[in-house]
J.: 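Pasting in a structure now, in structure tokens, and then I'll have a few things to ask.
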There are 2 protein chains.
Amino acid sequence: MLTERQLFILQLLINDYIQTAEPVGSRTISKREDVTFSSATIRNELADLEEMGYIEKTHSSSGRVPSEKGYRFYVDNLLSPPVLSKNEVNNIQSLFAERMVEVEKVIQQSAGILSELTQYTSIILGPEVFETKLRQIQIIPLSKDTAVVILVADSGHVENRTMKIPPSVSMSDIEKVVNIMNERLKDVPLISLKSTMMKEMATVLKKHIENYNEVNMMLENLFLYTNAEKVYYGGKTNILTQPEFKDINKVRLLLNTFEQDEVMYNVLRPEKNGIEVKIGQENDLEAMQNCSIVTADYFIEGKRMGSIALLGPTRMEYQRSMGILGFLANDLTRTLTDRYQSFKHW
Amino acid sequence: MLTERQLFILQLLINDYIQTAEPVGSRTISKREDVTFSSATIRNELADLEEMGYIEKTHSSSGRVPSEKGYRFYVDNLLSPPVLSKNEVNNIQSLFAERMVEVEKVIQQSAGILSELTQYTSIILGPEVFETKLRQIQIIPLSKDTAVVILVADSGHVENRTMKIPPSVSMSDIEKVVNIMNERLKDVPLISLKSTMMKEMATVLKKHIENYNEVNMMLENLFLYTNAEKVYYGGKTNILTQPEFKDINKVRLLLNTFEQDEVMYNVLRPEKNGIEVKIGQENDLEAMQNCSIVTADYFIEGKRMGSIALLGPTRMEYQRSMGILGFLANDLTRTLTDRYQSFKHW
DNA sequence: TTTAGCACTCAATCACTTAGAGTGCTAACA
DNA sequence: TGTTAGCACTCTAAGTGATTGAGTGCTAAA
């Protein structure tokens with residue numbers, strides 16, 4: 001168990017290190033005005049804290065640096081509830097005051113604000129297709145053997161893909177299929193479009209359509225990609241300003257990871273509700289083992305729709321980051337729920 | 001005027017420097033088996049070449065490095081017509097053999113291949129809206145005051161935006177507007193949609209629509225953004241492996257530039273036809289003044305549709321890059337023209 | 001005109017020193 | 001018994017000087 005004083009010293013040390021990125025020595029701590037005991041006492045305490053694994057030395061005569069265990073303890077036990085500055089609150093609220101029409105834009109802007117306020121990299125996972133439902137499906141022919149299929153979701157999200165039409169399938173068949181789809185698939189969640197289609201439509205299609213097999217193949221291809229959520233970034237290169245990223249190879253590794261959406265999905269899919277912090281090695285990805293990620297979820301009508309995150313060095317301003325992130329997640333939840341209800345109850 | 005031998009030496013020097021990234025000395029050159037004269041002779045020649053500004057020293061007793069003038073001369077006069085290896089040709093052609101349906105995908109894959117073959121960063125400017133024409137316009141209501149507008153171009157390109165509908169405008173009005181638009185705006189190039197609309201539709205609209213002013217405002221907003229071409233990247237971080245990018249600030253500057261599409265449009269819009277090379281300071285952007293860019297255009301039915309580019313250090317493998325780029329531009333032109341014709345003559 | 005030879009320059013590297021920040025330990029003190 | 005002053009010790013960072021080697025420019029001879 002840690003004594004009061006050890007807690008205090010650990011807190012001071014981590015705060016100092018977060019600011020300076022330099023190992024913190026006993027003298028530095030003792031010079032603070034709210035510290036009454038001497039550097040020698042602090043040395044003793046530091047030795048104990050080190051023995052317990054909360055702090056480390058970079059070399060035998062260096063100051064101390066928080067270990068990951070130390071950060072974990074700090075985040076779990078030593079943070080006071082975050083207070084946002086007026087400026088920060090204004091910044092965020094003026095964003096939502098704008099009442100932008102497009103969800104994509106709201107999210108992109110949120111990412112921008114997050115990274116601007118924190119100087120870290122912000123990552124937002126767009127609303128999951130999970131909950132959005134099909135509003136309408138349309139097919140527009142482009143040439144004798146290609147057409148564009150357009151799916152409109154009730155969230156206003158539009159997806160389109162170009163597809164090849166086998167020669168054996170006639171345009172009137174296609175029209176029939178589309179009509180049937182619009183009847184049967186309306187309000188089906190995008191995510192289960194494929195399975196619902198296979199179940200619900202097979203018999204109907206067989207009855208009305210000549211070339212059932214070709215059509216079926218075509219439709220299978222159409223819904224092949226569960227077109228996953230988009231990942232939005234703000235301040236992608238902000239993280240490069242951190243001294244821990246002077247090594248260009250780390251940078252490359254990280255930036256490459258950013259490009260792989262599938263990988264990022266997993267990074268952002270939090271394991272528990274609320275604000276979650278992953279510190280250093282707690283991240284599975286090699287590229288992120290010098291980083292910490294703070295994630296929060298946003299909701300629509302109480303259902304989790306996506307998440308927003310801040311990526312910084314392990315030496316991250318956790319308190320402030322968590323505060324800003326939580327606040328924005330709330331506003332995002334409120335805004336999107338409002339909007340969704342206006343769509344739904346229409 | 002340069003003598004034969006000076007040309008030869010300059011060529012050797014640049015080739016060597018492109019490979020090694022190290023200043024080249026007279027001895028290094030003299031050791032090559034196709035060099036018959038001594039290092040002392042080469043020193044004299046190097047001194048002359050330096051005086052003429054084709055090469056530089058990094059310090060008073062260092063080997064020589066090509067100047068930008070030197071690279072320029074090299075590119076303009078010393079390159080033999082590029083020969084692609086079988087492997088390279090196969091790689092590129094197997095890409096186009098796939099016959100992907102979506103233009104976006106073709107382009108994305110091209111970017112991938114380019115960066116893989118060259119280890120530089122590839123940048124492709126998607127087909128310009130310039131030549132593609134409107135095929136159909138659709139409006140799908142989302143709630144009582146919002147709707148999604150979908151524009152489908154004859155290239156298969158789909159654009160959509162969500163818009164607010166003023167309360168004074170009725171759904172039937174909207175339908176009328178859409179009908180009129182589909183009549184009048186079909187086959188109008190996307191780029192001139194707005195102006196054509198203003199000219200052609202004003203009188204018709206006034207006649208048929210009650211709230212002409214509101215509707216007009218709405219439409220103006222709709223076409224406000226000339227939704228510009230997309231920029232595709234391959235190997236965004238490849239350039240970081242080059243030794244000239246060990247400075248993290250240069251990296252940041254460059255990567256930030258990549259994020260700004262509008263800036264990149266100008267980078268990629270070439271001044272003349274054919275394969276163009278911009279070396280170092282010839283680039284306007286500060287972030288790219290250590291870089292060279294090779295650009296080539298691709299065409300549809302003889303009309304320029306976009307460009308593809310390779311970004312590397314000034315010490316770039318110009319000959320190979322130009323070869324690969326030109327070859328791919330050709331194939332892209334062929335593929336897209338084929339496809340476009342199948343759309344157009346349908 | 002070419003080349004061998006030589007003096008000279010400079011960056012890079014290594015060994016060495018010094019300064020300073022930090023530690024751990026011990027002994028004295030409250 | 002907990003705290004602190006004092007001191008020896010450690011290690012890094014920064015600076016100095018010597019050495020090496022790759023390179024140059026110049027000169028004089030072939």
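Below, chain A is the first sequence line, B the second, and so on; all start at residue 1.
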J.: Does A:E282 use its side chain to pair, donor to acceptor, with the backbone of A:I279 at less than 3.5 Å?
T.: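 The answer is yes, because a donor-acceptor pair under 3.5 Å joins these two groups.
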J.: Parallel, tilted or perpendicular: which fits the ring planes of B:F258 and B:Y233, with parallel below 30° and perpendicular above 60°?
T.: tilted
J.: Can B:E68 and B:K278 be counted as an ion pair, charged N to O under 4.0 angstrom?
T.: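 No, B:E68 and B:K278 are not salt-bridged.
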J.: Specify the residue among B:H59 and B:S39 whose closest nucleotide of DNA chain C lies further upstream toward the 5′ end.
T.: B:S39
J.: Salt bridge (Lys or Arg N to Asp or Glu O under 4.0 Å): which pairs involve residues 46-56 of chain B, sequence neighbours left out?
T.: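 Found B:E50-B:R64.
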J.: Between A:S61 and D:dT10, is there a side-chain N or O to OP1/OP2 distance below 4.0 Å?
T.: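 Result: no.
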J.: Using whole Å, what does the distance between atom C1' of nucleotide C:dT2 and atom CZ of B:R5 come to?
T.: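 It works out to 8 Å between those atoms.
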J.: Rounded to whole Å, how long is the line connecting atom CD of B:E51 with atom P of D:dT24?
T.: 16 Å
J.: A:L49 has an atom CG; how far is it from atom C1' of C:dT23, in whole Å?
T.: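 After rounding, the reported distance stands at 15 Å.
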J.: Using only atom types and a distance under 3.5 Å, with no angle test, would you say the side chain of A:T237 pairs donor to acceptor with the backbone of A:L240?
T.: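 Not at all, since once roles are kept as given, no pair shorter than 3.5 Å links the two residues.
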J.: Between C:dT1 atom C1' and B:E4 atom CD, what is the distance in whole Å?
T.: 17 Å
J.: Between B:Y318 and B:Y71, what is the ring plane arrangement, given parallel below 30°, perpendicular above 60°, and tilted in between?
T.: tilted
J.: Quick one: does B:N283's side chain have a donor or acceptor within less than 3.5 Å of a partner on B:L285's backbone?
T.: no
J.: Can a salt bridge be assigned to the pair B:R320 and B:E88 using a cut-off of 4.0 Å between side-chain N and carboxylate O?
T.: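 Salt bridge present between B:R320 and B:E88.
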J.: Going through the checks in order, is the salt bridge (charged side-chain N to carboxylate O under 4.0 Å, His left out) test met by A:R315 and A:E22?
T.: CA-CA 10 Å; A:R315 182 189 59 76; A:E22 294 292 331; over 6 Å; no
J.: Counting only non-hydrogen atoms, which of residues 18-34 of chain A are less than 4.0 Å from DNA chain C?
T.: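 Those residues whose heavy atoms fall under 4.0 Å from DNA chain C, taken from residues 18-34 of chain A in numerical order, are A:G25, A:S26, A:T28.
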J.: Of the listed nucleotides (C:dT3, D:dC11, D:dT4), which one gets closest to any side-chain atom of A:T41?
T.: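 My answer, after comparing the listed nucleotides, is D:dT4.
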J.: For nucleotides 25-30 of chain D, give me one character per nucleotide, 5' to 3': B if any protein heavy atom sits under 4.0 Å from the base, S if the only such contacts are to the sugar-phosphate, - if neither.
T.: B-----
J.: Could you state the OH-P distance from B:Y17 to D:dG23, rounded to the nearest angstrom?
T.: 14 Å
J.: Which whole-number value in Å describes the distance from B:Q6 CD to C:dT1 P?
T.: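 Checked: the CD to P distance equals 12 Å.
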